[in-house]
Visitor: 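Take this structure, written in structure tokens, and hold onto it; I'll ask about it next.
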Amino acid sequence: MNWKGLSLAASDRRRSMKVQLKAAIFLGLYAAGWLAIALSSPLAADAVDVELNVTAGGGEIESTTIVIKRLSDGQLWVANPVRAQQQFSPASTSKIPHSLIALENGLATPETVFQWDSVPRSNRAWNQDHSLESAFQYSVVWVYQEIARAGGQAVMAHGLKSFQYGNADVGTIDQLTTYWLDGTLSISAQEQVAFLSKLALERLPLSKTTYAAARSIMVSDFHPDWTMRSKTGWWYSKTDMDIGWFVGWLECASDNYVFALNMDMPDTTYLSKRKAVTYRVLQDIGAFDCE
């Protein structure tokens with residue numbers, strides 16, 4: 001009998017078993033780590049996966065996320081939960097908290113007229129006088145820059161912090177009129193939904209007058225059975241990928257569905273996808289079936 005061969009074979013088996021054991025331990029710890037992360041995430045609790053719905057609506061799931069929350073029971077629908085927790089510049093969706101700060105601090109009212117400075121800008125809709133409502137609807141940057149100057153750095157920063165709006169960063173005094181455009185202020189889809197849920201439920205530190213005015217200017221679509229209050233956003237970069245946003249809530253008589261979508265936008269054909277994907281997912285989950 002070849003005792004040397006048997007000894008070598010046994011040694012190989014022991015070595016193999018050790019390698020397998022180490023691999024099993026590693027994979028177990030790795031899986032446990034991800035499980036711990038998943039369980040600690042607010043998105044993990046009974047969230048329904050809607051990745052197929054995003055794809056059906058024309059979105060690319062690798063570069064798109066959507067979070068939807070039904071306010072009556074907290075039910076969540078999520079696509080791409082990792083991206084849902086990634087912060088991006090809010091771009092024009094920041095005009096929601098920006099408008100709230102303006103209204104609450106007397107920097108503007110629904111009757112305020114912001115007079116155009118006669119400086120031509122690339123967006124023709126901006127080249128005229130605006131109310132707060134029209135400035136919100138047309139994403140008129142110069143109006144919101146005027147509001148930021150009138151409020152000052154301390155007021156804008158305090159407002160965002162009181163809303164727990166993303167990183168609530170308004171940057172330096174030199175960034176007072178660009179912080180929501182230059183990447184200083186950032187927020188995730190998950191954080192957008194948390195903020196908008198409190199706004200829809202009137203649980204932010206705001207007056208009833210501010211809530212009423214905000215609800216009015218945010219109306220973007222309506223039907224006899226429902227009202228959409230929302231804002232789009234487009235973060236443009238010369239060096240990085242553009243980011244598109246669509247956030248808000250669908251308000252029915254019986255319930256509210258708060259949502260936040262963001263996606264990579266390689267070109268302008270993706271602009272229409274922001275709403276198209278969101279409406280498709282809302283339709284698929286029955287949000288428009290208002291009673």
Side-chain angles (χ1 to χ4, degrees), residues 43 59-60 62-67 79-102 121-123 126 135-149 151 153 155-199 218 220 230-248 258-275 277-278:
L43 296 177
E60 298 166 4
E62 297 81 5
S63 56
T64 303
T65 187
I66 188 168
V67 179
N80 198 337
V82 173
R83 182 180 174 107
Q85 297 177 74
Q86 183 179 353
Q87 291 184 328
F88 299 95
S89 170
S92 285
T93 66
S94 70
K95 289 179 174 62
I96 300 175
H98 207 142
S99 297
L100 297 175
I101 294 169
R121 293 172 175 85
S122 58
N123 190 323
W126 296 359
F136 182 87
Q137 299 296 338
Y138 290 102
S139 293
V140 185
V141 171
W142 66 262
V143 168
Y144 284 89
Q145 289 177 324
E146 187 174 318
I147 290 171
R149 290 191 196 97
Q153 188 180 28
V155 168
M156 303 310 292
H158 174 74
L160 293 174
K161 288 178 182 177
S162 70
F163 301 155
Q164 296 181 311
Y165 187 84
N167 66 359
D169 189 356
V170 301
T172 66
I173 190 64
D174 294 332
Q175 294 173 297
L176 182 59
T177 58
T178 60
Y179 66 82
W180 65 93
L181 302 169
D182 62 17
T184 300
L185 180 64
S186 61
I187 191 169
S188 68
Q190 177 183 344
E191 291 168 330
Q192 289 265 27
V193 166
F195 160 69
L196 291 165
S197 295
K198 286 184 279 189
L199 176 57
M218 284 184 65
S220 58
S230 66
K231 190 75 188 81
T232 56
W234 176 13
W235 185 69
Y236 171 77
S237 174
K238 292 181 179 179
T239 56
D240 298 320
M241 176 62 69
D242 290 6
I243 302 296
W245 283 98
F246 186 43
V247 309
V258 181
F259 61 85
L261 170 141
N262 68 56
M263 60 167 54
D264 287 359
M265 296 206 303
D267 56 62
T268 55
T269 64
Y270 283 74
L271 288 170
S272 62
K273 290 187 178 184
R274 297 170 299 177
K275 287 188 176 181
V277 173
T278 303

Visitor: Can you tell if the side chain of N123 reaches within under 4.5 Å of the side chain of Y138, non-hydrogen atoms only?
Guide: no
Visitor: A side-chain contact here means heavy atoms from C-beta on lying under 4.5 Å apart; do S188 and Q87 qualify?
Guide: yes
Visitor: Contact between T64 and K273 at the side-chain level, heavy atoms closer than 4.5 Å - yes or no?
Guide: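 They are not in side-chain contact.
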Visitor: Holding to side chain to side chain donor-acceptor pair (under 3.5 Å), I want the full list of residues that pass it with S99, two or more places apart in sequence or in another chain.
Guide: Y144
Visitor: Restricting to non-hydrogen atoms, name the atom on V277 and the atom on G59 that form the minimum distance, rounded to 0.1 Å.
Guide: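 Residues V277 and G59, closest heavy atoms: CG2-N, 3.6 Å.
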Visitor: How long is the gap from OG1 on T232 to CG on L261, to the nearest 0.5 Å?
Guide: 11.5 Å
Visitor: Show your reasoning for whether side-chain contact (heavy atoms from CB on, under 4.5 Å) applies to D264 and I243.
Guide: CA-CA 5 Å; D264 287 359; I243 302 296; 3.5 Å; yes
Visitor: Heavy atoms only: give me the nearest A260-A189 pair and the separation to one decimal.
Guide: CB-O, 3.5 Å
Visitor: So, taking the atom named CD1 in I66 and the one named CG in N80, what distance separates them when rounded to the nearest 0.5 Å?
Guide: 11.5 Å
Visitor: Atom OG1 of T177 and atom CG of D182: how far apart are they, to the nearest 0.5 Å?
Guide: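 Rounded to the nearest 0.5 Å, the OG1-CG separation comes out at 9.0 Å.
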Visitor: Between atom NZ of K161 and atom CG of N167, what is the distance when rounded to the nearest 0.5 Å?
Guide: 10.5 Å
Visitor: side-chain contact (heavy atoms from CB on, under 4.5 Å), that's the test. Do I101 and F163 meet it? Break it down for me.
Guide: CA-CA 10 Å; I101 294 169; F163 301 155; 3.8 Å; yes
Visitor: Any sub-3.5 Å donor-acceptor pair from W180's side-chain atoms to V170's backbone N or O?
Guide: no
Visitor: Heavy atoms only: give me the nearest F195-I96 pair and the separation to one decimal.
Guide: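 Looks like CE2-CG2, 3.8 Å.
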Visitor: Looking at every non-hydrogen atom in both residues, tell me the closest pair between V140 and K95 and how far apart they are.
Guide: N-CE, 4.0 Å
Visitor: Using side-chain heavy atoms (C-beta onward) and a distance below 4.5 Å, is Q153 in contact with Q175?
Guide: no
Visitor: As a quick check of understanding, evaluate side-chain contact (heavy atoms from CB on, under 4.5 Å) for H98 and V143, giving each step before the final call.
Guide: CA-CA 11 Å; H98 207 142; V143 168; over 6 Å; no
Visitor: Judged by atom type as modelled, is there a donor-acceptor pair below 3.5 Å linking the side chain of W234 to the main-chain atoms of L271?
Guide: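 No: the side chain of W234 does not pair with the backbone of L271.
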Visitor: Quick one: do D169 and T184 satisfy side-chain hydrogen bond (donor to acceptor under 3.5 Å, both in side chains)? Show the steps, please.
Guide: CA-CA 6 Å; D169 189 356; T184 300; 5.8 Å; no
Visitor: Taking all non-hydrogen atoms of both residues into account, name the closest pair between S220 and S230 and its distance.
Guide: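 Scanning both residues completely, I find the closest heavy atoms to be OG-OG, 2.5 Å.
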Visitor: Parallel, tilted or perpendicular: which fits the ring planes of F88 and W245, with parallel below 30° and perpendicular above 60°?
Guide: perpendicular
Visitor: How about CD on Q164, more than 12 heavy atoms from neighbouring residues, nucleotides or ligands closer than 6.0 Å, or not?
Guide: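 No, the 6.0 Å shell around CD holds no more than 12 heavy atoms from other groups.
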Visitor: So, do E60 and Y270 sit near enough that their side-chain heavy atoms are less than 4.5 Å apart?
Guide: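 Side-chain contact under 4.5 Å: yes.
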Visitor: Report yes if the side chains of V155 and H158 come closer than 4.5 Å at any heavy-atom pair, otherwise no.
Guide: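 A side-chain contact is absent here, since even the closest heavy-atom pair is not under 4.5 Å.
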Visitor: Identify whether NZ of Lys or CZ of Arg in K231 sits under 6.0 Å from the centre of the six-membered ring of F136 and within 45° of that ring's axis.
Guide: yes
Visitor: Is the shortest side-chain heavy-atom distance between T65 and N262 below 4.5 Å?
Guide: yes
Visitor: Would you compute the distance between atom OG of S94 and atom CD of Q192 and round it to the nearest 0.5 angstrom?
Guide: 9.0 Å
Visitor: Tell me if a side-chain donor or acceptor on R274 pairs with a main-chain N or O of M263 at a distance below 3.5 Å.
Guide: no
Visitor: Side chains of Y165 and L185: closer than 4.5 Å at any heavy-atom pair?
Guide: yes
Visitor: At their closest point, which heavy atom of W235 faces which heavy atom of L181, and how far apart are they?
Guide: NE1-O, 2.9 Å
